[in-house]
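Every chain is numbered from 1 and lettered A, B, ... according to where its sequence line falls, protein lines coming before strand lines.
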2 protein chains.
Amino acid sequence: MPPYTEQPGEQGVTIADRVFSRLRKAIVEGQIPAGSKISEPELATEYGISRGPLRDAMGRLEACHLVERRANVGARVVSLSQEDLLELYLLREALEGMAARLAAERMPATEIDSLRQLLKQHEQRADVKDGIAYFQKEGDLDFHYRIIQASGNARLIQFLCNELYHLMRMYRYQFGMASSRARIAFREHRHIVEAIADRDPEMAELIMRRHIRSSRVNVEMLFDAQASLTRRQGQNLGATG
Amino acid sequence: MPPYTEQPGEQGVTIADRVFSRLRKAIVEGQIPAGSKISEPELATEYGISRGPLRDAMGRLEACHLVERRANVGARVVSLSQEDLLELYLLREALEGMAARLAAERMPATEIDSLRQLLKQHEQRADVKDGIAYFQKEGDLDFHYRIIQASGNARLIQFLCNELYHLMRMYRYQFGMASSRARIAFREHRHIVEAIADRDPEMAELIMRRHIRSSRVNVEMLFDAQASLTRRQGQNLGATG
DNA sequence: TAACCTAATATTGTTAACAATCCGGATCCA
DNA sequence: TGGATCCGGATTGTTAACAATATTAGGTTA
């Protein structure tokens with residue numbers, strides 16, 4: 001279970017709220033494939049509801065940029081591009097750098113302790129110890145999530161946690177993004193916490209920005225490797241065909 | 001008959017699209033007062049449409065954080081706080097700083113020329129010459145708008161131009177925000193263009209950030225002045241009552 | 001054979017009626 | 001007099017039928 005989606009009990013009281021949450025989860029986790037067409041009557045019967053609240057939910061998904069609609073044609077799940085992911089990282093670098101700076105100024109001491117304990121938990125986990133799975137799991141997002149929350153800037157929190165966060169999760173589910181940076185990323189997280197505990201805003205921002213930039217570079221290399229691999233396969237296909 | 005016709009470019013093909021644009025404009029420009037309740041049947045008859053597309057539009061406005069809805073209670077236009085505006089400026093400082101940096105790297109020379117001409121037009125305008133009205137008019141947003149567009153980062157453009165931009169306009173309409181910074185702001189714009197023309201990303205970002213931070217400080221002082229004025233008036237009322 | 005026009009079909013957009021829920025005021029009781 | 005309860009009005013949430021539009025398949029013609 002993801003650590004911080006809207007409560008699975010569904011806080012939304014209306015049908016549209018609930019179906020919105022469910023659809024968002026289904027899209028983010030890839031149960032509805034990216035780029036696939038969404039049929040309103042089909043979904044309505046599947047969820048056992050009418051098209052009214054479904055359309056309401058679709059409108060919100062469109063506003064969240066998770067689906068694209070064309071009049072009289074239909075709605076499709078957005079298809080994610082590699083360029084878009086890299087742009088997303090640039091945004092995160094700017095915004096989470098800012099969040100780290102603010103957190104260093106404002107985060108309560110008790111919260112910092114709690115954050116340290118979270119990292120301790122991560123450290124204990126076997127997959128992190130083996131350095132094979134940290135960055136791509138929810139734990140990483142959980143860490144970032146807390147720092148964003150500590151920024152105290154409601155609109156920053158809003159944007160990062162309610163929009164970009166879901167997109168990042170969607171990318172992770174879709175691309176996998178196994179990282180060789182697990183140990184490094186974990187160490188960077190520790191440094192960020194230390195900077196916050198030292199009440200050193202500039203340092204916190206600097207490390208956070210570098211942290212995210214490193215992630216971006218890592219993903220970029222991954223894409224390049226995939227591209228060259230695909231190119232080689234294409235050549236092979238051309239030779240055999 | 002509608003009070004104003006659809007603007008080209010803004011209009012969607014469906015009723016929900018059009019009513020969404022119209023409602024957003026009405027909210028941003030204060031024709032529907034902030035914090036006021038929105039009655040669905042009332043609006044539906046006023047716009048001559050049914051509640052279906054209206055509800056669709058309301059859902060999108062909610063996703064844009066321009067209205068707040070409570071189930072079985074109704075929708076209200078958001079009420080803006082001074083703290084929120086200051087948070088908005090912090091966000092803009094980070095994001096538009098980034099936009100300026102990217103613009104310095106990527107903006108085509110022809111676009112830079114066009115931007116220079118825009119500033120020349122601003123310079124000619126009487127109100128700017130008098131230093132009484134530049135910052136709070138659309139011209140300022142227009143300048144920032146172009147630099148954001150030049151960043152080439154689709155998601156950054158999306159967020160700044162489709163969400164924050166409307167909120168900033170809403171604040172300007174609501175609070176007025178006459179600025180004593182007109183001449184200074186104009187000069188800062190010129191410096192930003194020069195940095196972009198020099199292909200100096202760091203400088204462009206630096207000046208842009210300082211430019212927005214100065215605006216924020218200016219607004220902050222304005223708020224403080226208003227607060228002390230209100231306090232004094234409150235004392236007077238207490239004395240006379 | 002390919003291109004173009006036409007019609008069928010399925011999908012979406014829209015509407016109006018129906019049901020569920022909340023808010024305010026009157027009434028009743030302590 | 002104070003408070004709690006219940007009822008009425010109004011508003012929103014939901015549903016299913018109706019209308020408009022785009023896509024697709026088929027046939028005709030150059």
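- Listed by chain and number, the residues in a side chain to side chain donor-acceptor pair (under 3.5 Å) with A/Glu93 are A/Arg213 (sequence neighbours excluded).
- A/Glu40 meets the side chain to side chain donor-acceptor pair (under 3.5 Å) test with A/Arg51, A/Arg55; sequence neighbours excluded.
- If you find the closest nucleotide of DNA chain D to B/Glu40 and to A/Gly48, the one lying nearer the 5' end belongs to B/Glu40.
- Annotation: side-chain contact (heavy atoms from CB on, under 4.5 Å) contacts of B/Thr45 (sequence neighbours excluded): none.
- In this structure, the side chain of A/Arg106 engages the main chain of A/Ser151 through a donor-acceptor pair within 3.5 Å.
- Straight-line distance from the CG atom of A/Asp17 to the P atom of D/dT12: 15 Å, rounded to whole Å.
- Listed by chain and number, the residues in a salt bridge (charged side-chain N to carboxylate O under 4.0 Å, His left out) with B/Asp224 amount to none (sequence neighbours excluded).
- Listed by chain and residue number, A/Arg146 satisfy the side chain to side chain donor-acceptor pair (under 3.5 Å) test with A/Ser114 (two or more places apart in sequence, or in another chain).
- Straight-line distance from the CD1 atom of A/Ile38 to the P atom of C/dG13: 13 Å, rounded to whole Å.
- Taking the six-membered ring where tryptophan is involved, the planes of A/Phe175 and A/Phe223 are perpendicular, since the angle between them exceeds 60° and thus also 30°.
- For the pair B/Thr14 and C/dT12, the criterion of a side-chain N or O lying under 4.0 Å from OP1 or OP2 is not met.
- Within residues 49-69 of chain B, the residues having any heavy atom under 4.0 Å from DNA chain C are, by residue number, B/Ser50, B/Gly52, B/Pro53.
- An angle of 10°, rounded to 10°, separates the two end axes of the helix from C/dT1-D/dA30 to C/dA30-D/dT1, each defined over five pairs.
- Shown here are the side chain to side chain donor-acceptor pair (under 3.5 Å) partners of B/Glu29, two or more places apart in sequence or in another chain: B/Gln31, B/Arg169.
- If you measure from atom OH of B/Tyr47 to atom C1' of C/dT14, you get 18 Å, rounded to the nearest angstrom.
- Checked against side-chain contact (heavy atoms from CB on, under 4.5 Å), A/Ala150 has the following partners two or more places apart in sequence or in another chain: A/Ala103, A/Met107.
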Are there any protein N/O atoms within less than 3.5 Å of an N/O atom in nucleotides 20-24 of chain C, and if so, which ones and at what distance?
residue	atom	partner	partner atom	Å
C/dT21	O3'	B/Asn72	ND2	3.3
C/dC23	OP1	B/Arg70	NH2	3.4

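- In terms of the side-chain contact (heavy atoms from CB on, under 4.5 Å) criterion, residue partners of B/Asp84 (sequence neighbours excluded) are, by chain and number, A/Arg155, B/Ser81, B/Glu87, B/Tyr171.
- In this structure, the side-chain contact (heavy atoms from CB on, under 4.5 Å) partners of B/Ser228, at least two apart in sequence or on a different chain, are B/Arg231, B/Arg232.
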